[in-house]
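Keep in mind it's a predicted model, so treat the numbers as computed, not measured. Below, chain A is the first sequence line, B the second, and so on; all start at residue 1.
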Amino acid sequence: MPAPRSCTPLLQQDRLGNGDCTNQERLANGVCKKRDRPANGDCKNQDRLANGDCKNQLLARRQFILQHRKSLPIASVEKRLVEEVRNNDTLIIVGETGSGKTTQLPQFLYNAGFCYDEKVIGITQPRRVAAVTVAKRVAEECNVKLGEKVGYSIRFDDMTSNSTRIKYMTDGLLLREALLDPFLSRYSIVIVDEAHERTVHTDVLLGLLKKVQLARSKQHNIIKENANYRENSRSLSQGAKYTSLKLIIMSASLDAKCFSEYFGGAKAVHVQGRQYPVDVLYTYQPEPDYLDATLITIFQIHLEEGSGDILAFLTGQEEIESVERLVHERIRQLPERNQNLLTVPIYASLPSEQQMNAFKPAPSGFRKVILATNIAETSVTIPGIKYVIDPGLVKARSYNPVTGTESLIIIPVSKAQALQRSGRAGREGAGKCFRLYPENEFHKLIDSTVPEIKRCNLANVVLQLKTLGIDDIIGFDFMEKPSRMAIVKSLEQLFLLGALSDDYKLSNPVGHQMARLPLDPMYSKALILAVEFKCLEEMLIVVAMLSVESIFYFPREKMEEARTARKSFSSPEGDHITLVKVYRTSAECLEKSKITNGKEKSIEKKLNKWCRENYINYRSLRHARDIHSQIEGHIQQMGFSLSSCGDDMQQFRRCLTASFFLNAGMKQPDGSYRALASGQTVQVHPSSVLFRTKADCIIFNELVRTNQNYVRNVTRIDPLWLPELAPQYYAAHS
DNA sequence: GAGCACTGC
């Protein structure tokens, strides 16, 4: 794949093949070197070793790390890269997989003196796990304790200190920091990594960084003009609060040009990667049934190709389960010597213990076929993959701003995604990728996935920008502008929630309070209202529980047991109060085990056991508890007192009505509901406790379109409460 | 009587 036109290739002469090499390219590129593996010199469990042995091991480990660092493709261009950063305020770095850019560049810049005046180099990642693992790795390479010179900061987990100079974090967290420090004054450099993924956070961050950079360089110039030029630059910058901000955008290859254009023609450089070649094969004809084609390909590989595990990309849990069944059926029909094939499913909602199965090596003599969603595209890297099967489809979220409906639809992948998938076969050696569509179809795919900002609800984005003093949202310099309709709808929603005043500026205090809370704006508003309704304790539990993936877990084979377990929590009033009951019962269970055994690990184990017994998703509940305690902290800082409505659940339901009035529904004669805001016909989702009870009037939290429109998290209310508690909306409508 | 890819504060 050629480097984009605006790219300066660094070291192209010895570039290895990348993830999408054809045979010819592979020959031209020569033989790949085997990757160095760091030795596992862990001393912790080796107390019995003499002290000297341990020291030797540590020394060996350090030696190994040093060698590994030197061998990375990026190592040989350190000087040039540092020079480019000195000479350019904004630099785009196109780095292929395995170049070492994420771990090495911050160290190069630190050593080159970019952390003057206690300034920090910030590196953002789209995912929490990446921020943590990379920070750990770099701390080890620097031979420092994590949290000192090198640290990370993600939600619920801050491993930084005053001495931290290289800070890895999620992009969303840096956005939150910007709300408190709009000039990002602690940072001398911000590196936005994996920018090609174009998450909402990345896109908003890029727009913001562009603005901050301009503002800081203006400030810097004013200070420079007023200062005495004979002084050295160090004392100059000491006097200045804002020195200029260096910006580095790191991306995978395809779209360097659009970043460069957005940043006024910023320079882009290319760093080679280290990937083994992957042969890409296509089908001759389009496949009418991609599941069947996947199945055939799995067995074709298993029976005809050499050893190595298979990774097949499917769109969801249901597909994975059905392909798994079919594979098992066909294995049984094979001669016994060929039955050495093992299936392993992996998708996000699978409990972590089961997810781990994908990482275990197959028993000797067996081949593993991993059936995965796009969790295996970027979020997890499974070792041992030699063959990739890519039907070329993905389940993607789409959002209709007019109706406020979210839906998940199966669409073709983008070229970038297809490359990412095939690259998974070339991590440890040469591999093969079977694309289950003809080659000409590949060329018809869009270059890169539509950025998330163009297909999601923007209420939160708008609220954050308003907080940063950016009032003209429609005129804001987005890298890719969301539709005008989407922006207008979110402005309207925020106005109705009282976050914006009549002139569409952030209102005081409600708008500012809402912006401080890391929640969906509607949930923030619910908390603020709960203060008046004196049910803050209950509402805090509800918003924490609503903010996570589904709390209840329904395994197909134990449907009945799961249903009985849930019945013990369910409230006739609806799902919200049911969630409160679950939370409170789990908290009681925790309290009890705290009294009997104070050790944190055994308390967590107890909670885990309680969750299994009650068919509750432990991960989700854990997450909800984290959110609960974080928001509780914010609420206390804001001076709200934690009131409870006790047994007066009517008060609580009135508060739900006042908060979620935009999501109200009226029963129709046929038992379906009419969503009042959009006029759509919706059904209560079968997972709701109100599925059978047909209340006259309901409020809900989610409207999802699958086969039909479903509303989830539903509570029964009195229709008269709507005009009473939300006159700004229902007085005009009734 | 349904089913929901993946992230993030």
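For the pair Leu180(A) CG and dC9(B) C1', the interatomic distance rounds to 12 Å; values are reported in whole Å. Atoms CD1 (Ile627(A)) and C1' (dT7(B)) sit 13 Å apart, rounded to a whole Å. Computed from coordinates, the Asp171(A) CG to dC9(B) P distance equals 8 Å when rounded to whole Å. Atom-to-atom, CZ of Phe552(A) to P of dA2(B) comes out at 20 Å; the value is rounded to the nearest Å. At whole-Å resolution of the value, OH in Tyr347(A) and C1' in dG3(B) are 11 Å apart. Between the CG atom of Leu174(A) and the P atom of dC9(B) there is a distance of 12 Å, rounded to whole Å.
Here the side chains of Lys466(A) and Leu491(A) are in contact, with some heavy-atom distance below 4.5 Å.
Along DNA chain B, the nucleotide closest to Phe156(A) and the one closest to Arg692(A) are compared, and the more 5′ of them pairs with Arg692(A). Both Gly316(A) and Gln464(A) sit near DNA chain B, but only Gly316(A) has its closest nucleotide nearer the 5' end.
Across all strands shown, Leu408(A) has heavy atoms under 4.0 Å from base atoms, whether or not it also approaches the sugar-phosphate. Arg563(A) comes within 4.0 angstrom of a base, heavy atoms only. Counting any heavy atom pair closer than 4.0 Å across all strands shown, Thr199(A) reaches no nucleic acid atom. Residue-level contact check: Arg127(A) touches the backbone only, with heavy atoms under 4.0 Å from sugar-phosphate atoms and none from bases.
Ring centers of Tyr583(A) and His628(A): under 6.0 Å apart, within the cut-off.
Side-chain nitrogen and oxygen atoms of Ser687(A) include none within less than 4.0 Å of the OP1 or OP2 phosphate oxygen of dG3(B). In this model, the phosphate group of dC9(B) is approached by a side-chain N or O of Arg128(A) to a distance below 4.0 Å at OP1 or OP2. Side-chain N/O atoms of Thr378(A) include none lying less than 4.0 angstrom from OP1 or OP2 on dT7(B).
Classification of the Phe156(A)-His623(A) ring pair by plane angle, with boundaries at 30° and 60°, yields perpendicular.
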